[in-house]
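Here is the structure we will look at.
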Amino acid sequence: MKIKVFRRITQILTILLIVTIPILNRKGITILMGSLYSLAIDGVWMTDPLSGFQVILSTLSADSVLLISMTIPILLALIFGRVFCSWMCPQNTLSELFDYVSNRFSVRRLIDLSPWAAPRYIIMAAFLLLTLILGFPVANLISAPGIISVQISKYVYEGTVGLEMGLIGVIVLSEIFLVRRVWCNYICPVGSFLGLFRFNKTMKVLYKEDAEHVCGKCLECVKACQLGLNPMEGRIYPLCYNCGDCIAACERIKDRGKPLLFKF
Amino acid sequence: MSKKLLRPPGALKEIDFISRCMRCGKCAQVCPYRSIKVASLMDGLTDMGTPFIKARDIPCYLCMKCPPVCPSGALDRALKKKQDVRMGIASINKKECLAWQGTLCRSCYQSCPIFDEAIKMDNELRPVVDEKKCVGCGICENVCPVEPAAIIVKSR
C-alpha cells in the first residue's frame, strides 16, 4: 500500500499548492507563483510542455526562457512517465474521487468503451493544428488542470470564477454518467502531449512472471486500474499513466515475489 | 474581441499578445494592487484566461512587477521604466470634461504618474494628453470625478 499512500499525499499536496499560491501571493509573498500552466518555485520556472509548445506554434518562434522552463516537466515525463497526470493533476484527483463515489453507489454508465489510444492523439493533433491556424493556444481552452488552478487563483483574487469552470463540471458529469474516466483516458491533450516524452528507459509497469515472481491470476490489478487496462497483457502504453494502483493491489496480495513492479 | 481589453504593462501588440500569452495568470498574482484581472470564457474564446485591467475600477500603478514574471514573454520582461510603458492611450471627452466645460478641475493632471508630461494643462487650464508620452496606465480615468469618466484609456 506504500505506493498508494505516497500518491495520495502527492495529490493532496498539489491541491494545497495551487490553493496556497494565490493566498500567499495576495499577501505579497511571491516565493511560489503561477498555476499548472506555469509554476515558479523560488525562481525555478516550470511550464506545461503543451502550453509552451503551443506558444512556439502560434508565434512560430521560441523564447529561450520559455524553452528552459519546459525542461523540468519534460525530464519528469522522460524519467517517470505521465506521473503528472496520475500523481498531481487536480482533474485526475477529482475524477478519481467521483469514480469512487459513483462506483460506491453503482451508477451505471451509458457507454462501455474499451481502452483506445487513437482518439486522444487525433484530438491533440486537431487542437495543435487549430493553434497553428488561429494563432493562439487553443488547447488551453480545454486544459483541465490549467483551468482549475487559474480559476482557484481568480477566486482568491476576484471572488468569482469564470464560466470555463463549467468544463470541469461537464467532465465530472460525463465520467459519472457517460463513459468511465473519459477525460483522462480518451481526450485530455495535456496528458497526450506529456505521453510523447517517453523512451525505452522511461519508468513503466512491468509484468514479469518467473520462478521468483509468481502470479496467482487473481485479476486484482485489472480491477484496480481506473483506466480499464490490463497490466498482465503488457502493451498498456501510452494509455497507462503510472499511477501504480495495479502494483499496490498486487502488493496487497503478496508483498514478496509480486509479478507487477515499476521498472526503468 | 469587439472591445479590446487594456493589457498589463509591457504587453506586446494585441495580436502577438494573444498568440504568446499562455493564460497562466502569474501577472495577476504578482499585482499588488489587484489591478490585473483574468478574463473568462464570457469575454470570448481568444480572451479567455488572459489578463486585463479595468482602469475605472483599479488602474495600473506602474509598479512594473508583472513584466518580469511572464513565462512566455507576452509581457516584455526587459521593460523596467514606467515611462517606456505603452499599454494604452488616454483621450478626453471634451463635452463631459469639467475643465473643458469651464469648471476648475485638475484631477487627471495631478494624478498622472508621468507628471506634467503625459497630461499638460493648456493656457486656459484645460487638460491635454500628449499621445507620445501617455503610457496608458488609466490612473486619470480612475480619478476622473465625472460619471462616466470624461477621460478614458483605450488599448493601443
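Chain identifiers are assigned alphabetically (A, B, ...) following the order of the sequence lines, protein sequences preceding nucleic acid strands; residue numbering begins at 1 within each chain.
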Quiz item: Does some side-chain heavy atom of Val150(A) sit less than 4.5 Å from a side-chain heavy atom of Met48(B)?
Solution: no
Quiz item: Should we count CD1 of Ile31(A) as having more than 12 external heavy atoms under 6.0 Å?
Solution: no
Quiz item: Is Ile15(B) atom CD1 crowded by more than 12 heavy atoms from other residues, nucleotides or ligands, each under 6.0 Å away?
Solution: no
Quiz item: Measuring heavy-atom distances to chain A, does Ala39(B) have an atom under 4.5 Å in its side chain, in its backbone, in both, or in neither?
Solution: backbone
Practice problem: Can you tell which part of Pro68(B) gets under 4.5 Å to a heavy atom of chain A, answering side chain, backbone, both or neither? | Solution: backbone
Self-check item: For Phe53(A), all residues meeting ring-ring contact (aromatic ring centres under 6.0 Å, His included), sequence neighbours excluded
Solution: Phe193(A)
Quiz item: What residue pairs, at least two apart or across chains, pass salt bridge (Lys or Arg N to Asp or Glu O under 4.0 Å) with a residue in residues 112-136 of chain B?
Solution: Glu117(B)-Lys133(B), Asp122(B)-Arg126(B), Glu124(B)-Arg126(B)
Can you list the donor-acceptor atom pairs spanning chain B and chain A that come in under 3.5 angstrom?
from: Ser19(B); atom 1: O; to: Ser58(A); atom 2: OG; distance (Å): 2.7
from: Ser19(B); atom 1: OG; to: Gly135(A); atom 2: O; distance (Å): 2.8
from: Arg20(B); atom 1: NH2; to: Ser61(A); atom 2: OG; distance (Å): 2.6
from: Met22(B); atom 1: O; to: Asn140(A); atom 2: ND2; distance (Å): 3.1
from: Cys24(B); atom 1: O; to: Ser35(A); atom 2: OG; distance (Å): 2.8
from: Gln29(B); atom 1: O; to: Tyr157(A); atom 2: OH; distance (Å): 2.5
from: Gln29(B); atom 1: OE1; to: Gly34(A); atom 2: N; distance (Å): 2.6
from: Gln29(B); atom 1: NE2; to: Gly34(A); atom 2: O; distance (Å): 3.1
from: Gln29(B); atom 1: NE2; to: Ser153(A); atom 2: OG; distance (Å): 3.0
from: Val38(B); atom 1: N; to: Glu158(A); atom 2: OE2; distance (Å): 2.8
from: Val38(B); atom 1: O; to: Lys154(A); atom 2: NZ; distance (Å): 2.5
from: Leu41(B); atom 1: N; to: Glu164(A); atom 2: OE1; distance (Å): 2.8
from: Arg77(B); atom 1: NH2; to: Asp63(A); atom 2: OD1; distance (Å): 2.5
from: Arg77(B); atom 1: NH2; to: Asp63(A); atom 2: OD2; distance (Å): 2.7

Practice problem: Report the distance from atom CD1 of Ile18(B) to atom CG of Leu134(A), rounding to the nearest 0.5 Å. | Solution: 12.0 Å
Quiz item: Relative to chain A, which segment of Cys27(B) carries a heavy atom at a distance below 4.5 Å: side chain, backbone, both, or neither?
Solution: neither
Quiz item: Measuring heavy-atom distances to chain A, does Pro71(B) have an atom under 4.5 Å in its side chain, in its backbone, in both, or in neither?
Solution: both
Quiz item: In terms of heavy-atom pairs under 4.5 Å with chain B, which of Val65(A), Ile21(A), Leu57(A), Val138(A) leads?
Solution: Val65(A)
Quiz prompt | Heavy-atom contact with chain B under 4.5 Å, split by part of Leu36(A) | solution = neither
Quiz item: By ring-ring contact (aromatic ring centres under 6.0 Å, His included), which residues pair with Phe80(A), not counting sequence neighbours?
Solution: Phe264(A)
